[in-house]
A.B. asks: 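Have a look at the structure that comes next, please.
Index from 1, following the sequence. Hydrogens, waters and symmetry mates are skipped; everything else that's a heavy atom, side chains included, is used.
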Amino acid sequence: MRWMGWTALVVTMGCVPGKPVGTTTTDPGENPPSASNPQLPDVDCAHVVTDVTDERPANFLARRLTVTTDVAGAVWAACRPAGDPADVLLVESFAAATEHVLDVSGLTPDADWSCTVAPTCLGAEGVEIGWSTPPLPDNLPGFSVTGTPTGVWTLLNTQQSPFAGYRQYAIIVDPQGRTRWLHDLGSTYITDVDATWTGQVVHIGGGWGLFDLDASHRGVMQQVDLMGEVQLERTPPTFGLGYNHHSEPMSDGQVLSLTTSADTDGSDTWLGVAVERFDPSTDDVTWSWSSQQLYDDGTVLAQDDSPWAANALRWTTDAHGDALWLSLYTGEAMWRIDRATGQRTHVFSPDGDFTLVDTDGETLPDSEFAYRQHDPDFTDDGRVLLYDNGVGRPGGSYSRVSEYQLDLDANVATLLWTWTEEGWFTPVIGDADYLPSGNVLITKGVVRGLTPHNPQPSALIELDPESRTVVWRMDFDQSTYSVYRSQRYDGCEIFASAAHCPAVAERLGQLEAL
């Protein structure tokens, strides 16, 4: 997860293929104002806004403004919903041009919005334009929220059933649980969709896999901008259902995909684990690994069917070097793979390599390991945070979040803390992430079709692990809706909101004082 500053928020003139958001499409001259250098003018206006038109893009919680001026010069727009004047979205174009395209994203649904559009100069006269946003689709849940989160924007997926045939959405909500962005993925995906904000687009992966073992195993994915326009896509197959629960954008633009491999002993075949890092612009694979290597080197035996069902991976560097950690659902284990050699070096499970102890060094029973866990999150100092689904836990099945300190030299795992609540048992999905504040974001995903005995709805929970107190909670209003994973982002990421980013508020005050 990355935390970004003001320069990532300023939307300039239009979206041009090959140009990142925050750049201009015209030559603005020498040392012009820009997203990274938003100077204020010290001369009277030489240009006026002569026309503003608006259109609704693919994302109906956004608006695209086309602004015309009589003479080339910069412009800005501040947009507010009726009844909430502090909730201001600010966009600017620094281009020396007579036509500007301003993309306003992060609108609230079912609201009347008005925008002031003005030249960026002294004594500017603004032009007003307004519109109404439609309500959300009926097949989306509502949310009830208590507490105050650290961070602002929460990105998650939701679906009314875990199976294909029901519409899948990626959405971004604000601290009040109001949807500020959504993307309809259609009815091809299943519930195990994860989404990540890259700084430019929302990367959406998972949700489908292949049982065609001769096909590409790079995983299904979409990359969607804030206007709702798909910038990159690997289309879903028309058949098959395999394990493709994790698709992750890398800092260099490549994508890391977890999926299924055809492992074989020469006569029998079973569904193993594969990981591919690839360039999405060319589809070229730059790094790959599969569990076939573990069979070939004698680490694992021949298997039947799908013995491991990997659900997450972490590409990291730990105390022993460059590593790939794999979370195995059916295998009830985490494997550490050395990325240089492809060898399995450590197994974290009740039957694995680690002795489990408490913080006093006392040996703990096997029930304190994780059982059928999801989505490990690692720190540089060797801690790992797990959504411990708890299926088949000795003494009784229940779900929790747990954090361990892993000593890779001594093969000792120290259980640092756990947290659960009454009635919590979600056997098949879930997520837990470290937040920059030190808190933990928990995604409690209930799948009604697979857990009919659980009456609780899905929920997102922010926990203070020091005090074990819930500081923010967002409960789904219907127990039929699932959520696989969620991510939290700072107020100065994603949307240029004066209510949630101090730098935006300061800039807005400067512009309104011109």
A.B. asks: Counting only N and O atoms by type, is there a donor-acceptor contact under 3.5 Å from the side chain of Asp174 to the main-chain atoms of Arg178?
C.D. replies: yes
A.B. asks: On the six-membered ring of Phe369, is Arg393 placed so that its NZ or CZ lies under 6.0 angstrom from the centre and within 45° of the ring axis?
C.D. replies: no
A.B. asks: Run the numbers on Trp197 and His203 for ring pair (Phe, Tyr, Trp, His ring centres under 6.0 Å), then give the verdict.
C.D. replies: CA-CA 6 Å; Trp197 172 246; His203 177 95; over 10 Å; no
A.B. asks: Considering only heavy atoms from C-beta outward, does the side chain of Trp424 approach that of Ile442 to under 4.5 Å?
C.D. replies: yes
A.B. asks: Tell me, please, which residues at least two apart from Arg339 pass salt bridge (charged side-chain N to carboxylate O under 4.0 Å, His left out).
C.D. replies: Asp322
A.B. asks: So, do Asp375 and Arg314 sit near enough that their side-chain heavy atoms are less than 4.5 Å apart?
C.D. replies: yes
A.B. asks: So do the side chains of Val91 and Phe495 get within less than 4.5 Å of each other, counting heavy atoms only?
C.D. replies: no
A.B. asks: Between atom CG of Asp87 and atom CZ of Arg80, what is the distance when rounded to the nearest 0.5 Å?
C.D. replies: 10.0 Å
A.B. asks: Quick check: does any side chain N or O of Asn389 sit under 3.5 Å from a backbone N or O of Val391, one acting as donor and the other as acceptor?
C.D. replies: no
A.B. asks: Between Arg488 and Glu493, is there a salt bridge with N-O shorter than 4.0 Å?
C.D. replies: no
A.B. asks: Using modelled atom types only, decide if a donor and an acceptor are shared between the side chain of Asp377 and the backbone of Tyr434 within a distance under 3.5 Å.
C.D. replies: yes
A.B. asks: Do the side chains of Glu421 and Lys444 get close enough for a salt bridge, i.e. N-O under 4.0 angstrom?
C.D. replies: yes
A.B. asks: I'd like to check Arg383 versus Leu416 (side-chain heavy atoms, cut-off strictly below 4.5 Å). Are they in contact?
C.D. replies: yes
A.B. asks: Quick one: do the Thr259 and Glu276 side chains pair a donor with an acceptor below 3.5 Å?
C.D. replies: no
A.B. asks: Closest heavy-atom contact between Gly272 and Ser291?
C.D. replies: CA-OG, 3.3 Å
A.B. asks: Kindly write out the residues that satisfy side chain to side chain donor-acceptor pair (under 3.5 Å) with Trp315, not counting sequence neighbours, or none if the list is empty.
C.D. replies: none
A.B. asks: Using ring pair (Phe, Tyr, Trp, His ring centres under 6.0 Å), reason through Phe348 and Tyr404 one step at a time and then give a plain yes or no.
C.D. replies: CA-CA 10 Å; Phe348 179 81; Tyr404 301 86; 5.0 Å; yes
A.B. asks: Looking at Tyr371, is its backbone amide N or carbonyl O close enough to the side chain of Asp388 to form a donor-acceptor pair, meaning the two atoms are under 3.5 Å apart?
C.D. replies: yes
A.B. asks: Tell me, with the steps shown, if Val224 and Gln231 meet side-chain contact (heavy atoms from CB on, under 4.5 Å).
C.D. replies: CA-CA 6 Å; Val224 187; Gln231 300 297 316; over 6 Å; no
A.B. asks: CG of Asp279 to CD of Gln254: how many Å apart, nearest 0.5 Å?
C.D. replies: 5.5 Å
A.B. asks: Determine the minimum heavy-atom distance between Leu313 and Leu256, stating which atoms define it.
C.D. replies: CD1-CD2, 3.2 Å
A.B. asks: If you count the non-hydrogen atoms of other residues, nucleotides and ligands that lie under 6.0 Å from CG in Asp381, is the total more than 12?
C.D. replies: yes
A.B. asks: Assess whether salt bridge (charged side-chain N to carboxylate O under 4.0 Å, His left out) is satisfied between Arg336 and Asp318, documenting all intermediate values.
C.D. replies: CA-CA 10 Å; Arg336 182 190 182 276; Asp318 57 28; 2.8 Å; yes
A.B. asks: Please name the pair of heavy atoms, one in Pro280 and one in Met221, separated by the smallest distance, quoted to 0.1 Å.
C.D. replies: CB-CE, 3.6 Å
A.B. asks: Working to the nearest 0.5 angstrom, can you tell me the gap between Gln223 CD and Ser247 OG?
C.D. replies: 8.0 Å
A.B. asks: Using 0.5 Å steps for rounding, measure from the OG atom of Ser261 to the CH2 atom of Trp270.
C.D. replies: 9.5 Å
A.B. asks: I want to know whether Trp181 and Tyr489 have ring centres closer than 6.0 Å.
C.D. replies: no
A.B. asks: Of Asp103, Val104, Val101, which meets side-chain contact (heavy atoms from CB on, under 4.5 Å) against Leu65?
C.D. replies: Val104
A.B. asks: Between the main-chain N or O of Ser486 and the side-chain N or O of Asp431, is there a donor-acceptor pair closer than 3.5 Å?
C.D. replies: yes
A.B. asks: Return yes if some donor-acceptor pair links the side-chain N/O of Asp477 with the main-chain N/O of Phe143 below 3.5 Å, else return no.
C.D. replies: no
A.B. asks: Between Thr133 and Trp113, is any pair of side-chain heavy atoms under 4.5 Å apart?
C.D. replies: yes
A.B. asks: List the steps, then state whether side-chain hydrogen bond (donor to acceptor under 3.5 Å, both in side chains) holds for Tyr169 with Asn139.
C.D. replies: CA-CA 10 Å; Tyr169 293 91; Asn139 57 348; 3.0 Å; yes
A.B. asks: Kindly say whether Val428 contributes a backbone atom to a donor-acceptor pair with the side chain of His374 at under 3.5 angstrom?
C.D. replies: yes
A.B. asks: Does Gln176 CD have over 12 foreign heavy atoms under 6.0 Å away?
C.D. replies: yes
A.B. asks: Write down the atom of Gln159, the atom of Arg167, and the distance for their closest heavy-atom approach.
C.D. replies: CG-O, 3.3 Å
A.B. asks: Could you walk me through whether Thr269 and Asp263 pass the side-chain contact (heavy atoms from CB on, under 4.5 Å) test, one step at a time?
C.D. replies: CA-CA 6 Å; Thr269 300; Asp263 291 357; over 6 Å; no
A.B. asks: Do any N or O atoms from the side chain of Thr426 and from the backbone of Val446 form a donor-acceptor pair under 3.5 angstrom?
C.D. replies: no
A.B. asks: For the backbone of Arg277 and the side chain of Thr286, can you confirm whether one donor and one acceptor N or O come within less than 3.5 Å of each other?
C.D. replies: yes
A.B. asks: Can you give me the closest heavy-atom contact between Met474 and Val173, atom names plus distance?
C.D. replies: SD-CG2, 3.9 Å
A.B. asks: Say whether, by atom type as modelled, one donor and one acceptor occur between the side chain of Thr443 and the main chain of Gly445 under 3.5 angstrom.
C.D. replies: no
A.B. asks: Closer than 4.0 angstrom, basic N to acidic O: yes or no for Arg64 and Glu55?
C.D. replies: no
A.B. asks: Just verifying a value: how many Å separate Arg485 CZ and Asn157 CG, rounded to the nearest 0.5 Å?
C.D. replies: 9.5 Å
A.B. asks: Is the distance from the ring center of Phe378 to that of Trp325 below 6.0 Å?
C.D. replies: yes
A.B. asks: Looking at Asp252, I want to see if its CG is surrounded by more than 12 non-hydrogen atoms of other residues, nucleotides or ligands under 6.0 Å.
C.D. replies: yes
A.B. asks: Check ring pair (Phe, Tyr, Trp, His ring centres under 6.0 Å) between His246 and all other residues, then give those that pass, not counting sequence neighbours.
C.D. replies: none
A.B. asks: Assign the ring pair Trp308 / Trp335 to parallel, tilted or perpendicular, where the plane angle (0 to 90°) is split at 30° and 60°.
C.D. replies: perpendicular
A.B. asks: Mind checking the SG-CH2 spacing from Cys492 to Trp153? Nearest 0.5 Å is all I need.
C.D. replies: 10.5 Å
A.B. asks: Walk me through whether Leu140 and Thr158 qualify under side-chain contact (heavy atoms from CB on, under 4.5 Å).
C.D. replies: CA-CA 8 Å; Leu140 277 174; Thr158 188; 3.8 Å; yes
A.B. asks: Checking side-chain contact (heavy atoms from CB on, under 4.5 Å) against His183, which of Ile171, Val202, Val230, Leu226 comes through?
C.D. replies: Val230
A.B. asks: Are side-chain heavy atoms of Ser114 and Trp131 found at a separation under 4.5 Å?
C.D. replies: no
A.B. asks: Do Ser437 and Thr150 get their side chains close enough for a donor-acceptor pair, meaning under 3.5 Å?
C.D. replies: yes
A.B. asks: Determine whether Leu61 and Pro109 make a side-chain contact, defined as any pair of heavy atoms from C-beta on separated by less than 4.5 Å.
C.D. replies: yes
A.B. asks: Please examine the side chains of Val470 and Trp419, heavy atoms only from C-beta on, and report whether any two atoms are closer than 4.5 Å.
C.D. replies: yes
A.B. asks: Specify the closest pair of heavy atoms between Ser482 and Ser458, including all atoms of both residues, with the distance to one decimal.
C.D. replies: CA-OG, 3.8 Å
